[in-house]
Amino acid sequence: MKKSALLALSLTLLLPCGTAQAKDLGVVGQVFPIAEIDMLQWIDNRLRTFEQTGELDSMRDQFKENVKQGVRRPHPVGLITTTTPEVFSVDPSLTLANDITDIDGTIIYPKGTRINPFDTQTWPALQQSSMAHFQFSKTLVFLDGDDVQQILWAKQFATAQGEKASQIKWILTGGEPETVHQHLNARIYFDQQGNLTRQLTLKRVPSVVKQVGIMWQVSEIDVSHFPLVINEDTAAIAIGAKNDQP
């Protein structure tokens, strides 16, 4: 009898709790229906609200103005000037990050292959026979268009180049391209996001960059001796200053 009673007690303890009667505890707090938000409808409603209040037109005008400002004055790279200019070389070689294959999957150029644009010996075999030597004819000049001394130096540099001035690529790291165009009467480029200055490891401006052999040669310029204001007199001085340049 003791064993039967013990077994019955054990079965009672193992019964699931769900067998007990449920009790209604009532409602605690406010109840809201579950609903999924239609984001497209929400966006449409917001736009309609902005349109009714005039905020949409204001946002359009602000966007247009931001675009104009970005074109007129791109974000500066932030390079500094120097009174102790240096001349250094930069290797333009590129290293393949992945294998280059043909349509059949055969590797033509393996990962790690180095190609120097100035050295035809490193070019693909099909192109080596057509050109024994490569010469980049342009001179790259990096400068800050907001720096009066750099603008005056650029005027002098262009005059000193004579007919070769047409081979100069003026590249700004700061300032307004249109304003610099008026000073130099030349096409002006801007180093957007500093991509070129990073590749050429530029740290100071002005810098003159050109090909020498199979390398880039970077020549920094000291412009501290130029006046700080541009007017007719200083412009004339800048044009003739090449005779006083050490």
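Residues Leu172 and Asp144 are not in side-chain contact: their nearest non-hydrogen atoms beyond the backbone lie 4.5 Å or more apart. With contacts defined as side-chain heavy-atom distances shorter than 4.5 Å, the pair Val77/Phe142 does not qualify. Counting heavy atoms from C-beta outward, Pro85 and Arg204 have side chains that stay 4.5 Å or more apart. A heavy-atom distance below 4.5 Å is not found between the side chains of Thr81 and Ser224. Side-chain contact between Val218 and Ser89 is absent, with no heavy-atom pair separated by less than 4.5 Å. Using a 4.5 Å cut-off on side-chain heavy atoms (C-beta onward), Ile171 and Phe190 make no contact. Under the 4.5 Å side-chain criterion, counting only non-hydrogen atoms from C-beta, Leu202 is in contact with Val209. Put simply, the side chain of Pro227 does not reach to within 4.5 Å of the side chain of Val148, judged on heavy atoms.
Salt bridge Asp91/Arg114: present, at least one basic N to carboxylate O contact under 4.0 Å.
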Would Asp222 and Thr82 count as a side chain to side chain contact (heavy atoms under 4.5 Å, CB included) if you check the C-alpha gap in whole Å, the side-chain angles of each, and the deciding distance to 0.1 Å?
-> CA-CA 6 Å; Asp222 175 12; Thr82 181; 5.6 Å; no

Output, in order, the C-alpha distance, side-chain angles, deciding distance and verdict of side chain to side chain contact (heavy atoms under 4.5 Å, CB included) for Leu152 and Val223.
-> CA-CA 9 Å; Leu152 292 176; Val223 297; over 6 Å; no

Test Ile214 against Phe134 for side chain to side chain contact (heavy atoms under 4.5 Å, CB included), laying out the working first.
-> CA-CA 9 Å; Ile214 61 173; Phe134 176 84; over 6 Å; no

Go through the steps for Gln149 and His225 under the test side chain to side chain contact (heavy atoms under 4.5 Å, CB included), then give the verdict.
-> CA-CA 8 Å; Gln149 292 176 308; His225 58 285; over 6 Å; no

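Note that CD1 of Ile221 and OG of Ser207 are 7.5 Å apart. Values are rounded to the nearest 0.5 Å. Thr101 OG1 to Ile103 CD1: the interatomic distance, rounded to the nearest 0.5 Å, is 10.0 Å. In this structure, CG on Leu143 lies 7.5 Å from CD1 on Ile188, to the nearest 0.5 angstrom. Of the inter-residue distances, the one linking Ile107 atom CD1 with Ile100 atom CD1 reads 10.0 Å to the nearest 0.5 angstrom. One finds the CZ atom of Phe88 at 8.0 Å from the CG atom of Leu200 (value rounded to the nearest 0.5 Å). For the atom pair CD1 (Ile115) and CD (Gln121), the distance works out to 13.0 Å, reported to the nearest 0.5 Å.
Using modelled atom types, one side-chain atom of Gln211 and one backbone atom of Gly213 make a donor-acceptor pair closer than 3.5 Å. With hydrogens and angles disregarded, a donor-acceptor distance shorter than 3.5 Å links the side chain of His181 to the backbone of Ala186. Judged by distance alone, the side chain of Asn185 and the main-chain N or O of Gln182 form no donor-acceptor pair under 3.5 Å. Counting only distance, with no hydrogens or angles, the side chain of Thr201 and the backbone of Arg198 share no donor-acceptor pair below 3.5 Å. In this structure, Gln167 contributes its side chain and Thr139 its backbone to no donor-acceptor pair below 3.5 Å. Side-chain atoms of Thr159 come within 3.5 Å of backbone N or O of Lys155 as a donor-acceptor pair.
The nearest pair of heavy atoms linking Pro92 to Pro117 is O-CD, 3.5 Å. Of all heavy-atom pairs spanning Gly145 and Val180, the tightest one is CA-CG2, 3.7 Å. Here the closest non-hydrogen pair linking Pro177 and Pro74 is CD-CD, 4.0 Å. Of all heavy-atom pairs spanning Leu184 and Ala154, the tightest one is CD2-CB, 3.9 Å. Between Ala165 and Ala158, the closest heavy-atom pair is CB-O, 3.5 Å.
Pairs passing the salt bridge (charged side-chain N to carboxylate O under 4.0 Å, His left out) check and including a residue from residues 168-197, sequence neighbours excluded, read Arg73-Glu176. A salt bridge (charged side-chain N to carboxylate O under 4.0 Å, His left out) check over residues 98-111, counting only residues at least two apart or in different chains, returns nothing.
Considering only residues two or more places apart in sequence or on other chains, Gln150 meets the side chain to side chain donor-acceptor pair (under 3.5 Å) condition with Asp147. Applying the side-chain contact (heavy atoms from CB on, under 4.5 Å) criterion to Gln217, with sequence neighbours excluded, gives Val87, Lys210, Val212, Ser219. In terms of the side-chain contact (heavy atoms from CB on, under 4.5 Å) criterion, Lys203 has no residue partners (sequence neighbours excluded). Take Phe136 and apply the ring pair (Phe, Tyr, Trp, His ring centres under 6.0 Å) test, not counting sequence neighbours, and it matches Trp216.
Aromatic ring pairs are classed by plane angle as parallel below 30°, tilted from 30° to 60° and perpendicular above 60°; the pair Trp170 and Trp153 is perpendicular.
Grouping the Ile, Leu, Val, Met, Phe, Trp and Tyr side chains by contacts below 4.5 angstrom, directly or via other members, places Trp123 apart from Leu94.
Enclosure of atom NZ in Lys138 by more than 12 non-hydrogen atoms of other residues, nucleotides or ligands within 6.0 angstrom is indicated.
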